[in-house]
Amino acid sequence: MRKLFSFLALSTIALSSNAQNIQQLIDQKAKALLPKVIEWRRHLHQNPELSNREFKTMEYIAAHLKSLGLEVKTGVAKTGVVALLKGGKPGPVVALRADIDALPVFERTNVPYKSTVIADYLGQQVPVMHACGHDTHVAMLMGTAEVLASMKKEVPGTVKFIFQPAEEGPPGTEEGGAPLMVKEGVMENPKVDAIFGIHISAGLEIGKIRYKSGAFMASSDWFTIKVKGKGAHGSAPWNGIDPIMISAQIINGLQTIVSRSEDLTKAPVVITVGKFNGGVRENIIPEEVSFSGTIRTLDSKMQQDVYDKIRRTATNIAAAMGATAEVTIDNKTLVTYNTPELVSSIVPSLKTAAGADNVGEGTWTTGAEDFSFFGEKAPAFFFNLGGMPKGAQSLMWALKHFAILCLIMES
Ligand code: NI
């Protein structure tokens, strides 16, 4: 973890020419601070909070940043924290972002700092866990702030530390996350010249960094299609207009948008229907049904094109059958785009911090990140950091294949 947050410190000063001179100093300070970073991470892990409810997390972060003498603002986008470190030398404004929220997931580990927290989520009592690893992001950024604050005079320009709530998505209809932070002006005053973010990865070995220039993570949209037909008895379908059968045709039609009409050599597209609501009884054709899903694209023009084709496909298939289809699309995140010039200027710093062999260009992913909203306002770079213990993959592989072997032998 030392190498990881020493990179964060290094990246803020890599835009200046004296990066090489202070690299060693940062490394020493990061090494000395490592036990504290681990302690913070474990505290956060044991005390996870859901999106837009990160009240104690906010206080914990703010108390640390204030103790470093930074200018600290709390309650940004509800439960976010933003701190400024004004360096002793002239230079750009560099923002470093960590997301701070946890998920409604039950923790199955046996570590001494495991979460046993239960909280309210949309009226339900749910277990809470830092299952996405945002606790590591917070601890690393708290450590980075401490390292940089201790060498303030050497820092060229200003560092803006952004601790962002609700990356997992605010509950219900609440606003939150990166879009709300941007709306509240987090990228202004002072205006951010470049922003960086990290996500820990459970599928990448500890110490490794994977990045991609240009489009890196997908845009995410949620859509709902309401199909209105005409109810009838199931024994006499000719008296009605069956919205379930029409929906099945629309769902097939949506998959042909991906397989027949998007140029998949340019970028991948995914359309998944994950929810279907309709009907009350086996022998009744319902009046109306609805289904919902998600759209993933890695190109904003393709994203708009897919919107148009979903609307066209749904409404025209429904019309052909004498029904109507109402389509609503709700944008959740944009394409996470890594500015190529920024990436090429920063990769040498990544290699210095993590070792050249550990840094490599990866492929894009159809997962999504609301970090993309910051990238609309300034050059941005977001990448993955390995969090998987060395050798775990081969162990997983062996277990999986052993299990398959047992099943074959038993059958
Ligand atoms: Ni995450």
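Whatever order the structure lists them in is the order used to number ligands and atoms, beginning at 1.
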Report the residue from Val72, Val81, Ile61 that forms a side-chain contact (heavy atoms from CB on, under 4.5 Å) with Lys66.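 Exactly one pass, corresponding to Val72.
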Ala119: side-chain contact (heavy atoms from CB on, under 4.5 Å) partners, not counting sequence neighbours: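 If we apply the side-chain contact (heavy atoms from CB on, under 4.5 Å) test to Ala119, skipping adjacent residues, the hits are Leu50, Val128.
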Assign the ring pair Phe383 / Phe381 to parallel, tilted or perpendicular, where the plane angle (0 to 90°) is split at 30° and 60°.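 If you compare the ring of Phe383 with that of Phe381, the planes turn out tilted.
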For the student: nearest non-hydrogen atoms of Val227 and Ala323, plus distance: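 What the structure gives for the nearest pair is CG1-CB, 4.4 Å.
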Return yes if a side-chain donor-acceptor contact under 3.5 Å exists between Asp135 and Gln46, otherwise no.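 No.
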Tell me whether Asp193 is salt-bridged to Lys191, with the criterion being a basic N under 4.0 Å from an acidic carboxylate O.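 So Asp193 does not pair with Lys191 through a salt bridge.
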For the Ni ion (ligand 1), what is the number of protein N, O or S atoms at a distance under 2.8 Å?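 Total protein N/O/S atoms under 2.8 Å from the Ni ion (ligand 1): 3.
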